[in-house]
Each structure stands twice: as structure tokens, then as C-alpha cells.
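Values below: all heavy atoms of this structure, side chains included; hydrogens, waters and symmetry mates excluded. Keep in mind it's a predicted model, so treat the numbers as computed, not measured.
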Amino acid sequence: MALANEFTLFPLEHDVLAAGELLNERADWNSRLYVAWGLRQLNSPQALSLANGLQAELEQEAEQVAFVDPAALSHMRGRLFLIQAEVAILTMRLDEAEPLLARAQAEFAAYPNASAQADLHSLRASMHVDRGEVDAHREAMQNAVDLADQAQDSERQLYYRASLARSDLFRDFELARITWSEQLPHKVDGLSPQCSAALADYRALEHGLASDYLEAARWLNLAYEASLESGQVRRAIAVASNQGYTYTQIADFETALAWLKKGLALARKVRWPGSIGMCLAHTGEALRRVGQTGSARELLRECLQTLSQHPNSHTSMLALNYLGQTELDEGHFEVALQHFEMLGEREMQAHASDMRNNVVLGRARALMHLNRLDEAREVALEAAKAAAVQQQKSSLVELRQLLAEIEKRSGGTPEAVLNWLNLALEQAQALEGFQVPPSLLDAAAEALDQAARPQEAYAMARRAAIARQNSWNISAKHARQQIEIARNERQHARALAHAKETRMNKLQTAHEDLQQLVVLSRELWRQPSPGMIFTALGRALRSVLGVELLASYRPDPAGRALRLGESSKGEHEDLALSVALDDPSHPCAACSRDWSERQQPLASGLTRVFAPMVGDDAIPGVLVLDLAHGQAWGAREQGILRHLSTDAALAFKRSLA
């Protein structure tokens, strides 16, 4: 077992789980710290519980602590603060992470250890990413690289360089590629899983931003497997989501949605708002691409609401771009223009250069549809020049097609229109794996006809018809899947019907549940007080699940106990007024500690259920419910309860603010 100051950044998952199996009450401090460190993304609640318990023991066992080397003890305490800070960052409680990182920094400053300090600055970088603070993020990542160099830690040197290089691609693609491409390996052979994941993630983005989507997909496959093997769950979710986006770009929606499902399954499991938001954004874009604009808009708005406290984060800006595109598809041009102008403001504040092309392309389209043609042309021409310089090849296809449409609406000649369309077609055909949009082929066929070239126009129209038929086949397949995808987004039931039921019946059942939950969630959000929220929640649970809501518990201000809040029938047997959070036997305390439901059979034949209200707080409240004897309680019921309990947690917090 390594000492605390020698920990691998991401130990292998199977090593961590094996070490966890050997833990008991007599396990030494270093063994417990190693497992907590390795579990911080694999099982955040358990990692936090181990870290908190060990921290309390270090404070209480003064005699034992006196015999520990001060430097080793300081490193141990610093690692504990890093674990607590990372869990806070993963759950988007960024203000709570700040003082924890400051305490870790103080411990490491007392007895400097460059590897540990590099890990601290990496966490600072993660926090800056979630806040959309691009310059601060780069500075923190550069500090991590410098400290890894100082420590001569080869694993961290490569890992942090690849991470810094990846972030630089977003700032200035060409400069980053020139700066980093030859400094980093071109193969993952012989690398550890943690470094393989970081390197493959960089190479994937490098190829993706250059519109080399097939090569990007190959690297993302490598990144996904290496991320899972090394316990980098946050990266694995992001990689799966980006793989979905990659396949969306080449119109392979079946593969795209399969990857988005993988990301959603991981995001549902860990319940991290930032990761869930990323999955919502990319799934919304995939649904928009297959014509499901209503579902796309709903998911994108949910993403923006989930990340409303961090509007400059990359995911928030991505969702805002997709929402603007959705409004364009729906013909809401003024609304779309507002979205793109807001995106432009955020892009400028965050220095997110990768968003710049989305801003100008969206603005140009909206301006064109609003018949502000001169403004639209000026914006599109500037964007095309920038896209050509930055080698954003797929964007050039869209921009040149847009310029052709602007030329046509401005009364330009068929030859002038054709010039732009031919440039767009040449660019599209030069991209490996890229499917030429039917709309581009249609526009070319029409322009050829207007230019009195009927044979070429007919051939182009035939190509458009074939491309459209292929697109319809894909759209039809994914229209049947979209309800299931939306259901998964909201952490609903995984299996809603028996095996003998047809697929259509399953989807119909899921759709009905979804519609009902949307209504119930809005009803909870409208209630002005905790009592009215509790009453509305009880009504909702009774109508959807047929269960009786007895009471709600919420943590006290000190975070040491759960206090009885609202109750449906006054005094209840076996419902304490207060439950200590460290109570080892009370199901209410256990439920809040590990964020999972508990069931307790009662002598009356009822089953009492304790369910955590997991929102955005470190210590969730708890709902207490009664199930009738023999009442069905499976994946569907659990999923609906989790959805409503999360909505209730957020509603209670808002009403008490």
C-alpha cells in the first residue's frame, strides 16, 4: 500500500474495490485513505463517509496521532480535504469546495509535496471549468503541470499535459495543435489507463474539431474504456456524451443514441448535476437532428435549469446553442436571435473561442430569416473566414450553404448561388464519413434548374431523394426510441412492462408516466411554503404510486441530525422528532448517509419506506412513506419516487431560502 503522498491519481478500479473488501474497523489509517481516495468518483457517498470518519478519528485520537510523522499526517489530512472538495465539485457545490481546497493547501504548504499540490491545482481547474472561468482554469492546469514536473512524477506529467492541451484546443485550436500535438504521444501503447484516457480524450477532440469524425470516434472508444478502468467516471460520462455528439455529426443517430444511453446510465447512477446536464444537452441535440424539436426543447431547458447557477460553464453554453438551433427549426426567429446574442455575451465573458462559430452561424441564420439580409451576409462572411483559418470544416459546409441562401433571397443570379453551393458540396464530400445534408442537395438541384442545366438538376434531385429516404429511415427508427430516451433522462423506471408486452406498449406506458410527472413537478414547484409542498407531494405520491406520505425530515443547521418537518396525520408511532445522522441503526439516518432507500416491514402488514430527497445538498432530507401489504414496488415505482423526491428537495430549499 502506497503512502498518502505517493497515491496514484486514479488507482485501477479493481485494485480499489479489492482493497475496500479487506477494510474493517481495525484497518490502518493509510488503507482507509487509499480506498476513500480511489472511490471518490466510483462511489462518492462512500468515499465521503470514509473520509469524514477518518478525519474525525484523526481529531479524536490525540495519543496515536502524536506518534505519526508530522509530514505524513499533514499529507493525510490534505488528501482528506481533497476528497471532500472533489465530491463537492462533482455535485456542483462549488462554494463548499473553496474552503476545503484552502485547508488542503495549508496542509501541503506546511510540508510541501509537489504531487499532492499538483492534484490540488487540478481540482481548482475543475472548479473553474464548472464556473466558466477559462483563464483561471488554464492557470490552474499550468500550475498542475509545473508541480508534476517539479515532482518528476512521470504519470502526472503526461496526464496533466494532456488535460491542459485538451483545454487549449477550445481556446485556440490551431495554436494548441501546433504547440501540443508533437509533445504528446501518438499512441496509447504502454501507457497506464489513467494516462491513456487523458491522451485519447485530447486526440479525440483534436480530430473532432478538425471535422475528422471517424478518427475522433476511434480515439473516444479508447478514452471510454481507459476511463472506466481507471475510475475516471466523470471523464467516462463526458466521453460517452461526446461520442454521441460525434456520431450525431455524421448522421449515424442509432450509434449516437446508443452512446448517449451509456452516458445517461452512468450519470443516473452518480447523480452529478454537471454530468447529467451534459447528457441532457447532447441528447437534446440528437433529438433535434431527427426532428423531435418539442422533446429537444424540453431537455435543453431542463439542462439550462439544472446548471442555472453556472451559466458560463461549457455545458450551459452548449445547451443554449442547441436551444437556439431548435427555435430556428421551429420558426421562432426572434427568440432564436436572443439566444444566440446571449450566447455571444457568455462566450466573450468566458473566452470560449470554440463557441464563437456557433454564435455567428446562429445569428446569421436568425438575421436571414428576419429578412435582415445585409447584416446576415456580413456575419456569415466573417464566420466563414474564421472557420477556414481554424479548419472547422463541417462549419464551412453550413456557412457556405447559408451564404447561398442569403444570395438567393437578396436576388442574386443562379450562378452566384451555385458558386456557394458548389463550395459547400466540395467541402462536404471531402469530409470522411460526413453525410451530405438533403437540404444542401435540394438547394443545389434548384439552383441548377434556375441556371438552365436540367440534366444536372435532375441528377442532383435524385441524390437528394436518396439522402432524404435514408434520413427518414433513421428518423423513423429513432422516433420510436425517443420516449424511452426522454424517460432515461429523468431517471425514471428502467423497465415499465413485462417481457410479453410489445415495444409500442412499453413506450406508450413510459410516455404517459412522463407526461404525468411533468405536471406533478410543476405543481410542486408552484407551492409557496413547505407545508403546501408537502401536501402537494403527498397528493402526487398517492395518485401515481398509491402510497401514503407520512412525514419529511430535513437536516438541522449544524448538519448533525435530521429533524421532523411536515407530517400528514399529526403524531405518528415510531417517528422520532429528531434522528442523529450518525445513528448506526436508524433507517432514516442510514438513508441520508448513503442516499439510498430503506424498507422496514411493520407488524400491521404495511411496509415503511425511507427515501432520500437528493437535490443539490450534501446531506439529503428523507421522506417517510407507507406501502400497503402486497403492493407492487419495483424499478418503475422507485424511479418515479426518486424523480418526485428530487423535485421536492429543490422545492423545499427554494421555499425555505
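Atom CZ of Arg268 and atom CD1 of Ile276 lie 9.5 Å apart (nearest 0.5 Å).
Contacts of Glu206 classified as side chain to side chain contact (heavy atoms under 4.5 Å, CB included), with partners at least two apart in sequence or in another chain: Leu169, Arg177, Ser181, Tyr202, Arg203. Legend: residues meeting side chain to side chain contact (heavy atoms under 4.5 Å, CB included) with Gln249, ordered by chain and number and at least two apart, are Tyr213, Tyr245, Arg289, Ser394. Residues satisfying the salt bridge (Lys or Arg N to Asp or Glu O under 4.0 Å) test with Glu225, not counting sequence neighbours, are none. Applying the salt bridge (Lys or Arg N to Asp or Glu O under 4.0 Å) test to Arg138 and every residue at least two apart in sequence or in another chain returns Asp168. The side chain to side chain contact (heavy atoms under 4.5 Å, CB included) search around Pro193 returns Leu12, Glu229, Ser230, not counting sequence neighbours. When the salt bridge (Lys or Arg N to Asp or Glu O under 4.0 Å) test is applied to Glu155, no partner is found at least two apart in sequence or on another chain. Here Ser227 pairs with Ala197, Gln232, Arg235, Ala236 under the side chain to side chain contact (heavy atoms under 4.5 Å, CB included) rule; sequence neighbours left out. Residues passing the ring pair (Phe, Tyr, Trp, His ring centres under 6.0 Å) test with His369, sequence neighbours excluded: Phe333. By the salt bridge (Lys or Arg N to Asp or Glu O under 4.0 Å) test, Arg234 pairs with Asp130, sequence neighbours left out. When the ring pair (Phe, Tyr, Trp, His ring centres under 6.0 Å) test is applied to Tyr224, the partners found at least two apart in sequence or on another chain are Trp259.
Side-chain atoms of Gln243 come within 3.5 Å of backbone atoms of Ala217 as a donor-acceptor pair (strictly under, hydrogens ignored). When atom types are taken as modelled, the side chain of Ser122 and the backbone of Ala118 share no donor-acceptor pair closer than 3.5 angstrom.
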Just list the side-chain donor-acceptor pairs under 3.5 Å for residues 647-657, sequence neighbours left out, or say none.
from   : atom 1 : to     : atom 2 : distance (Å)
Asp647 : OD2    : Ser521 : OG     : 2.4
Asp647 : OD2    : His643 : NE2    : 3.3
Lys653 : NZ     : Asp616 : OD1    : 3.1
Lys653 : NZ     : Asp617 : OD1    : 3.2
Arg654 : NH2    : Trp525 : O      : 2.7
Arg654 : NH2    : Gln527 : O      : 2.9
Ser655 : OG     : Ala651 : O      : 3.4
Ser655 : OG     : Phe652 : O      : 2.9

message = Show, in sequence, the C-alpha distance, side-chain angles and deciding distance for Gln41 and Glu86, and conclude whether the side-chain hydrogen bond (donor to acceptor under 3.5 Å, both in side chains) test is met.
response = CA-CA 9 Å; Gln41 290 192 18; Glu86 183 161 359; 2.9 Å; yes
query = Given the rule in the side-chain hydrogen bond (donor to acceptor under 3.5 Å, both in side chains) test, do Arg124 and Gln105 qualify, once you have shown the distances and angles that lead to the verdict?
reply = CA-CA 11 Å; Arg124 286 198 185 281; Gln105 185 171 4; 2.9 Å; yes
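Just one residue in the list Thr283, Asp329, Thr248 forms a side-chain hydrogen bond (donor to acceptor under 3.5 Å, both in side chains) with Arg288, and that residue is Asp329.
The shortest side-chain heavy-atom distance between Asp135 and Arg171 falls under the 4.5 Å cut-off. Between Gln305 and Arg301, every side-chain heavy-atom pair lies at or beyond the 4.5 Å cut-off. The shortest side-chain heavy-atom distance between Val270 and Ile237 falls under the 4.5 Å cut-off.
Every pair tested for ring-ring contact (aromatic ring centres under 6.0 Å, His included) that includes a residue from residues 261-281 fails, sequence neighbours excluded, so the list is empty.
Checked against a 6.0 Å centroid threshold, the rings of His121 and Tyr160 do not count as neighbours.
Around the CD atom of Glu98, the shell of radius 6.0 Å holds more than 12 heavy atoms that belong to other residues, nucleotides or ligands.
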